[in-house]
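Data block below; observations after.
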Amino acid sequence: MAGRIGDNGGAGDLSEPLLDKEAPRWYSELYSAGVLSRLAFSWLNPLLRLGRSKALDLADIPLIADEDGAARVSERFAEAWSRHGHGKDGGAGVGLVGVLFRCFLGEIMLTGFYALVKTLAIAVSPVLLFAFVRYSSHKAEEEERRDLAAGGAAAAAAAVLVGSLLAIKLAESLSQRHWFFGSRRTGMRIRSALMAVVFRKQLRLSVQARRRHSTGEIVNYIAVDAYRLGDAVNWLHMSWTSPLQLALAVATLFWALRLGALPGLVPLVVFGFLNVPFAKILQGYQSKFMVAQDGRLRSTSEILDGMKIIKLQSWEDMFRRAVESLRDGEFTWLRETQLKKAYGAVLYWVAPTVVSAVMFASTAIAGSAPLDAGTVFTVLATLRVMSEPVRMLPEAMTMMIQYKVSLERIGKFLAEEEIKQDDVTRRRTTNSDDDPLDARIIHVKDGSFSWSGSEAELTLKNAHLSIRRGEKVAVCGPVGSGKSSLLCALLGEIPRTSGTVELYGTVAYVSQNSWIQSGTVRDNILFGKPFSKEQYDRAIRACALDKDIENFDHGDLTEIGQRGINMSGGQKQRIQLARAVYSDADVYLLDDPFSAVDAHTAAVLFYDCVMTALSEKTVVLVTHQVEFLTETDWILVMEDGYVRQQGVYAELMESGTAFEKLVSAHKSSITTLDDSSQQSQVQEQNVSDDYTSPSTLQIARQASDIIVSAKGQPSATTQLTEEEEKEIGDLGWKPYKDYINVSKGILHLCVMGINQVLFTSFQMMATFWLAVAVQMNVSSALLVGAYSGLSILSCCFAYIRTLYAAKLGLKASKAFFTGLMDSVFKAPMSFFDSTPVGRILTRASSDLSILDFDIPYSVAYVVVGASELVTTILVTGAVTWQVLIVAIPVTITVAYVQRHYVASARDLARINGTTKAPVMNCAAESILGVVTIRAFAATDRFIHNNLQLIDTDATLFFHTVAAQEWVLIRVEALQSLTLLTAALLLVLAPPGAVSPGFAGLSLSFALSLTAVQVFLTKFYSYMENYIISVERIKQYMHLPSEPPAIIPENRPPSSWPHEGQIDLQDLKVRYRPNMPLVLKGITCTCPAGNKIGVVGRTGSGKSTLISSLFRLVDPAGGRILIDNLDICSIGLKDLRTKLSIIPQEPTLFRGTVRNNLDPLGLHSDEEIWEALEKCQLQTAILSTPALLDTLVSDDGSNWSVGQRQLFCLGRVLLHRNRILVLDEATASIDSATDAILQRVIRQQFSSCTVVTIAHRVPTVTDSDKVMVLSYGKLVEYDTPTKLLEEKQSAFAKLVAEYWANSKRNTT
């Protein structure tokens, strides 16, 4: 069921099987509740009772029904959107608004009706106050006349007055609560619909559109823009009820003061117009802030994804400075916005004072109405009614502008072009074997394709190929020749500019860069298909995963971290391959699937998987492994985007040119091998030219068996992705203390509190003065002058209060951001392995945003609300002390109801914090794997899973909003008791006991009592929810830290390492304290200047060895010495800057070629060009107009994987360190480029120590020494020649097997 998804640590699991195991859940009681229960929100009682008795978790929250679900609302929206014609007429935003109105008109009209009732109820209250005061003075007059008959009429009038007050308060309370709940519920539907359609759209985007919207931006459309629209309906109604409320208030003023009210309209209009430029300025700042925030989040997201390479290269400081400078830009606009809001507060309080003073003065001068208690307090009550719309209007305008920006962004995205389904004609397969044409399963005729969509920049030119059912076709060619693009063309991923492409049957695709989802190994292989044990086991065996899975402690239920972070490159590639095999498709498009695995695994995969398991299937295999080409039915040779040659191996060898070049490069590497191993020994192992596949396989299997022995695979004893931490229960004052302590803001808080008390005191004195003055018949000048003076003085305190609230917020924002970045950048690699990027990003985006904007003002508003509530009760108590008999118990009960509510509300908000990340993770993951998802036709399943995640998140939002209305309707009802008591006491008081002036004073305060209480409760609960963001950011501010970057008293000499000798002494490594050892006591010496080859089956600990050399993981035992210096005794920066690495997965960052090669800016352009020439990239970069400033897009996606690998070589050539590590660095490169690379490395690093983890045997056969690892143990360590002499050595078997495969090519 939907509700439980995302419960597993927020990783956003997308697996069908997991969803089926959900415990049964029930629907919210709202859908079956009666009228009274709905009116009073009593249907929430069971949930709140449960929340009071225990900490709630996701399983306790009832589900929302289909009418509120994302599936239903997104369908409604999609229909209306397609009728609208994709928003192309008029602006994208305008089009989107129209569609949303069309979809949700009924709900919007109903909430509009509630808003109207509430506005009218509020507008009537000053008239009611006038009636009460008039009644008081009449009663006094009648008492003087002793008119008994009038007494009876007065009693009736009193009953009518109190009855009217009760009715109006009831109407106001119910309509307002249901307006807010209804509009947020509609907002939730709009939000769900937009989140769902944005997700659906990104799965269908064309290539060009994808380049215009980075992963970070698309996630932002969901996380920020669509999310924000949850409150849009509320603000929409606010934008028209505010002017209406103002108009009704102005009418009341004219009724009370007649023409005397006219001059008062001048300052009112002036203040109104002052709000407009003010709102405009704020909106300008807001949009600049949004742009700056987008930039920072995009950069943060990219840095978190590339954290491994950043740590290996010791670039943390540079990237951290980059993020901080982006944050500084963002902070500038934040500061401007927050400080300007302080002026807004002054406008808000000065306006009613100036307006009332002008009105009183003009009324006194014109004599249009008596300035008695009735008139004075009616005017004050009316101005109070006006203050809310005057304050809300600019805010409503700002919000509407924000929504417009968000709608425009989403509208523009939704109007982007989608991938053209007709670029490839897909047909179902037919079983007819009679017609040879029918046997054709892939047919491309004169196909030209361009990534940019323009004929001027063709990627593939005039491709012509015809592949029959069951054929195995190999595609080979140098780096950047268009091999991967050819597969993309068959999938319809590249826009076709001419020709035709036909493809029959279902497709399975294995991408060059492995795409793995967070979830279990099994989920990744099943990929949404039902589980069939037989088929599953066959797929696992064919992909040589059986041994790996045996060695995972949780077997195939082992959790995979985000982007497959806890699996080795080879394991990820084989899981991808198993996913394809299990899918049982007709056509298999495999993009260099053997690149990340060692030679014998590659042989197992080729013979067991491609040639045996897929023997009946059509396979198009892009490969750099020339040794497998003889086995294929057909070979395509690519060069510069053309299919230069095609045919069988023998034909192509005769025709020479491009193909011969590739094979001869491969042969030269074989020759190296030939020299280093005595051929006789290889022949003794019965390797002859007519070598058959089964025996090859046998050797491969034997080789595998030697390497696989020990149990306890590194990556998986405990599940890697841990459940997201959330504090449980009431944390009391702790988060508030943290907020104040971290920001060092105690002084600001005190100044704010003192100024609020002064502000309230002066406001109270001003009103008291009016009550006293109307009784004493003082002159109008004195009455107005003293009142204005006191009021304006109070506004100065209001300004200081708001200013210090803003300053406190800014200090906190700065302190928390710095603390978070400090902690995250210093966190060890294990933290990033076990934490989905979405979790860190949520803290850096939405949690930080709450810290920036919401917390400072909610804290200030709670202080304001509390002081106003106390003042109101004191004033009414001062006039009729008996009110306190009701007011005090009511206030205690209100506090109890709030506690009852907050217990559940806090849990709801906390769980909501963990349900949002899976939605973002799911989006981010799907964007990265969109080609695979489309190839497997899994789009609908991903959309379905995403809808369930959105519903889980919406369920929490729904109940959070409902719970808030539950508490507000109750505290309003309770405070209405105080108000009714005050009204009754005034009505029942003996004549003359309360003067009309004080009756007016008491009631004008009492009438605002419910509003003040709602204000306080609302902001108190907001603050309780917002403060969770402090708690969440704080969790990541104290992460365990890596060892220090520099240890001042223990810095190595600048010339270190002068030789480059590496000593491993009983090296033991484990990834976490509770996990078994991954390296189990390795001892060996790598002499200075030697070339050391490291081989071993996938998962044997090769990459872990590298990690420990760079101290990504510190040894659990033993030592690593470089030139006799223990690397654990020096700082990480001192160590990592002296080692160079070409990593397994080449990482490029968004920016230019220059800052990718030399991020720290240490080298001149000449040096960079020299490095580019050596690493074979000079030609590619000279052909671009921008040269070194050529753009590199997200993840370097505009360069081929081979080219990205060459970039990494370029970085290494610039640094020139004594020790170089190649971690499976030639995995994505053809033999020819590989040979060049190896030559460059040999020449440029001849005097250096080079440690190579390689899958291609020739890469290590010319090493000085070879190290063979098996599940964390060193099995063999000697010169290649010695190891080859020993027939039973693991290395000899490996070489024999590789030799066997390769030797056949030459026949």
Side-chain angles (χ1 to χ4, degrees), residues 122-134 136-137 245-246 248-258 260-261 263-265 267-268 271 348-364 369-391 759-775 778 780 782-795 798 868 871-872 874-876 878-879 979 982-983 986 995-1012:
I122 282 185
V124 172
S125 55
V127 181
L128 204 60
L129 170 70
F130 181 81
F132 266 101
V133 177
R134 186 54 51 90
S136 256
S137 44
Q245 201 170 317
L246 270 178
L248 291 170
V250 169
T252 310
L253 288 175
F254 272 103
W255 169 77
L257 300 178
R258 306 199 170 51
L265 290 184
L268 187 68
F271 283 119
Y348 174 59
W349 289 108
V350 166
T353 306
V354 173
V355 172
S356 54
V358 171
M359 285 184 175
F360 291 153
S362 58
T363 307
L371 278 187
D372 58 9
T375 313
V376 167
F377 285 105
T378 303
V379 169
L380 286 187
T382 309
L383 289 172
R384 225 167 233 245
V385 166
M386 287 172 88
S387 66
E388 191 196 13
V390 166
R391 181 173 63 94
F759 165 71
T760 317
S761 308
F762 275 87
Q763 284 271 312
M764 192 163 67
M765 281 154 63
T767 327
F768 244 97
W769 160 250
L770 284 178
V772 174
V774 290
Q775 302 304 114
V778 297
S780 302
L782 181 58
L783 182 136
V784 174
Y787 166 71
S788 307
L790 288 168
S791 296
I792 284 172
L793 195 56
S794 75
C795 294
E868 285 201 5
T871 310
T872 306
L874 287 178
V875 169
T876 41
V879 176
L979 166 62
L986 288 174
S995 68
F998 280 103
L1001 173 73
S1002 172
L1003 260 183
S1004 73
F1005 270 87
L1007 273 174
S1008 66
L1009 187 62
T1010 52
V1012 169

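In what follows, residues are counted from 1 in the order of the sequence shown. All values below come from the heavy atoms of this structure, side chains included, with hydrogens, waters and symmetry mates left out.
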Arg384: partners by side-chain hydrogen bond (donor to acceptor under 3.5 Å, both in side chains), with sequence neighbours left out
Ser1008
To the closest 0.5 Å, what do you measure between CG (Leu380) and CZ (Phe1005)?
9.0 Å
Note: Gln245 and Val385 closest approach over all heavy atoms is NE2-O, 3.2 Å
Interatomic spacing from CG in Leu783 to CG in Leu371 - rounded to 0.5 Å
6.5 Å
Under the side-chain hydrogen bond (donor to acceptor under 3.5 Å, both in side chains) test, residues paired with Thr767 that sit two or more places apart
none
Qualifying side chain to side chain donor-acceptor pair (under 3.5 Å) pairs with a residue from residues 372-383, counting only residues at least two apart or across chains:
Asp372-Thr375
Just by distance, do the side chain of Ser1002 and the backbone of Phe998 share a donor-acceptor pair under 3.5 Å?
no
With rounding to the nearest 0.5 Å, note down the distance linking CG in Leu253 to CG in Leu265.
7.5 Å
Applying side-chain hydrogen bond (donor to acceptor under 3.5 Å, both in side chains), can you list everything that pairs with Thr871, at least two apart in sequence or on another chain?
none
Counterpart residues, side-chain contact (heavy atoms from CB on, under 4.5 Å), relative to Ser1004 (two or more places apart)
Leu129, Phe377
I'd like to check Val354 versus Phe271 (side-chain heavy atoms, cut-off strictly below 4.5 Å). Are they in contact?
yes
Indicate yes or no: at least one non-hydrogen side-chain atom of Val250 is less than 4.5 angstrom from one of Leu268.
yes
Show me the side-chain donor-acceptor pairs of residues 784-793 shorter than 3.5 Å, one per line, residues at least two apart or across chains.
{"from": "Tyr787", "atom 1": "OH", "to": "Ser356", "atom 2": "OG", "distance (Å)": "3.3"}
{"from": "Ser788", "atom 1": "OG", "to": "Val784", "atom 2": "O", "distance (Å)": "2.7"}
{"from": "Ser791", "atom 1": "OG", "to": "Tyr787", "atom 2": "O", "distance (Å)": "3.0"}

Taking all heavy atoms of Val355 and all of Gly264, pick out the closest pair and write down the distance.
CG1-O, 3.7 Å
